[in-house]
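Below, read A as the first sequence line, B as the second, and so on, with proteins coming before strands; counting in each chain starts at 1. Below, each value reflects all heavy atoms present in this structure, side chains not excepted, and no hydrogens, waters or symmetry copies.
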There are 2 protein chains.
Amino acid sequence: MKRPTIHDVAAAAGISRGTVSRVLNGDRYVSPAARIAIERAIAETGYVVNRNARNLVRQRAGSVVMVLSEPPFEDPNYTTTIRNAIRRLGERDLSLVMMIAGDDREREQVLRYVRGGHADGVFLLSTHAGDPMVDTLHGAGIPVVSCGAVIGRETVIPYAACDERGGARQMAEYLVSRGRKKIAMITGPMDTPGGIQRLEGFADVLGRKASKKLIEHGDWTHASGETAMARLLERVPDLDAVFAASDVMASGALHTLRAAGRRVPEDVAVGGFDDSSVAISTHPPLTTVRQPLGDVARETVRLLLALIDGAERVDSIALPTSLIVRDSA
Amino acid sequence: MKRPTIHDVAAAAGISRGTVSRVLNGDRYVSPAARIAIERAIAETGYVVNRNARNLVRQRAGSVVMVLSEPPFEDPNYTTTIRNAIRRLGERDLSLVMMIAGDDREREQVLRYVRGGHADGVFLLSTHAGDPMVDTLHGAGIPVVSCGAVIGRETVIPYAACDERGGARQMAEYLVSRGRKKIAMITGPMDTPGGIQRLEGFADVLGRKASKKLIEHGDWTHASGETAMARLLERVPDLDAVFAASDVMASGALHTLRAAGRRVPEDVAVGGFDDSSVAISTHPPLTTVRQPLGDVARETVRLLLALIDGAERVDSIALPTSLIVRDSA
DNA sequence: ATGAAAGCGCTAACAG
DNA sequence: CTGTTAGCGCTTTCAT
């Protein structure tokens, strides 16, 4: 009761395996009669192609590997990205293999995997600036794209991302339009696109008013949002707005503000970024910037597929964000 | 400049491919001299085994597929589970392929994939009661385990989970110990283990006091927490505590309570479940029940590996939860 | 302890 | 249009 092979199908249809292979691969040059007989034989035997055999001879892997770079963040966004990538890849009959590149051992594992020809392409997620794996991967000659820019490698690794800078500008402009005068910012880590570009967008709008005193750096965590806000409050007691580069950090800032007796948004307006699940669980609910995560994932896959199909190069793309106004600002 | 094969390694070492294969697979019966020569040749050539070829002859897939059932996809917990599963699987050189089974088409795709022998085992996540795919999968004779019980198939699909019922008991006992008298509950969907068993644990402790009036059903979303709380308040205005089966629903309840002018925890104590990222972003931060998610994922993989290694059957396991006391109760 | 050889299931080039 | 054939790279007897 072994699984049927192409041989069994051929026997059942009374036709050679070569022809069976042809109909399997949608080749032209197959007589209708043969095609019908074979299709019936396939249905009868319950035949399913053996990918190992197929990929062995085709010298392909039949899969794409998504590499998650460790550090912490319990980013609720990952799930959306993964789902959309799977969907899109599935349409092309490519499977999605997940790997983690958190420490050197794991990075080595990814490299071995990819160099071993086990993947037809690489989908990077949240890769850090200066990650040595990136160049090695790229040097291996395998298609590599990233969901979100890879800082320092923007020109070598194509990517799809949301318009980080533009999104931050939207928020900053909104805060200004609401009459806020002293607007502070809690940025993300400065070796990530979200950390860098959201600050740039903020500075675009505030100009010289975006003084050093009004900028604090966080690491995307709730705790870092709390401490950054505390420092800001100490330095600039009369600030009347703060833009946190993520909803999670914004929720931390909210805690500190409440502890300090500031009312939100009356005394201090608070803006977030991501529109993650956290945004509606805070009090007050966060005014934030929504990223078109699903679209970003789909576009990333599109770039990867183009590369796999042989495109010499593809153009990175930034998708527009939208401002979601709730009660915090 | 093709990738080196086992043949190249053999040539470089001046030894037959058979022996090279032996050292590759840690076979005994290889002379130290040969082993050393081969290992050097492997390093020199940069050889990496071709999985397609290996799996073809071994009649294995070399991967495990994790099947995500659609709906509660926003669950921040997925990421932790995925991470831990990848880690554990990686130790055995198995890769993790992700698939989604949200609609019939996708379920069919999963079935084809698995029946096609493309996976050595199946790791189910958040599968619904009555999902037809489960029986088919199990009937296909491939090892299948679930992270969290599959309602109605607890005895046929082995699983690892947290002690849902015990965790709910912890929360209920805590609320009672704090002197709360009228304790309500917002459950999850009653076709999920978390929905059913957390209610059971609640009832274990409250006994007859867990009357119908005090129970509302939610669907894990923030919005359902809001409306459930509203109904509860209308029915039992003098309730003094509420236990929501998830942090997200608890955050919804918090909103409704605030809108109704109830203070938390003074007037109404609120308990959650999961200790997800939402738990610390609410105001006040949630007292909740923590699930040992990483351990659950690891144990699930352990069961699957045992099955793959030929175990006739394995025992499901429930891991203890812990009560995390914050300010909401 | 190791070499030789027979495939694993499939595709693709080549005749016809 | 279709049958035949030569591998893809690796593991695994079977001899030796």
Worksheet entry | Selected nucleotide, minimal atom distance to A:Gln59 side chain, candidates C:dA1, C:dG9, D:dG9 | D:dG9
Worksheet item: Taking C-beta and beyond as the side chain, do A:Tyr159 and A:Val150 meet within less than 4.5 Å on heavy atoms?
Response: no
Worksheet item: So which pairs with a foot in residues 91-102 of chain A pass salt bridge (Lys or Arg N to Asp or Glu O under 4.0 Å), sequence neighbours left out?
Response: A:Arg51-A:Asp93, A:Arg92-A:Asp309
Item to complete: Assess the side chains of B:Arg83 and B:Thr80: does a donor N or O sit below 3.5 Å from an acceptor N or O?
Response: no
Discussion item. Is A:Thr5 close enough to C:dC8 that one of its side-chain N or O atoms is under 4.0 Å from OP1 or OP2 there?
Written reply: no
Discussion item. What is the distance, to the nearest angstrom, from the CZ atom on B:Arg60 to the P atom on D:dC10?
Written reply: 15 Å
Worksheet entry | Contact check, side chains of A:Val314 and A:Leu307, non-hydrogen atoms, under 4.5 Å | yes
Worksheet item: Roughly, in whole Å, what's the span from CG in A:Leu56 to C1' in C:dT11?
Response: 10 Å
Worksheet item: With the sugar-phosphate defined as primed atoms, P, OP1 and OP2, and the base as all remaining atoms, what B/S/- string results for nucleotides 11-16 of chain D, 5' to 3', for protein heavy atoms under 4.0 Å?
Response: BBB---
Worksheet item: Roughly, in whole Å, what's the span from CG in B:Asp8 to P in D:dC8?
Response: 11 Å
Worksheet item: Whole Å only: how far is the CG atom of A:Asn55 from the P atom of C:dG9?
Response: 15 Å
Worksheet, complete the sentence: When rounded to whole Å, the CZ to C1' distance for the pair B:Arg35 and C:dA1 reads 11 Å
Worksheet item: Would you say the side chain of A:Glu106 lies within less than 4.5 Å of the side chain of B:Arg87, judging by non-hydrogen atoms?
Response: yes
Worksheet entry | Whole-Å gap separating C1' (C:dA5) and NE2 (B:His7) | 14 Å
Worksheet entry | side chain to side chain donor-acceptor pair (under 3.5 Å) partners for B:Arg302, two or more places apart | B:Glu299
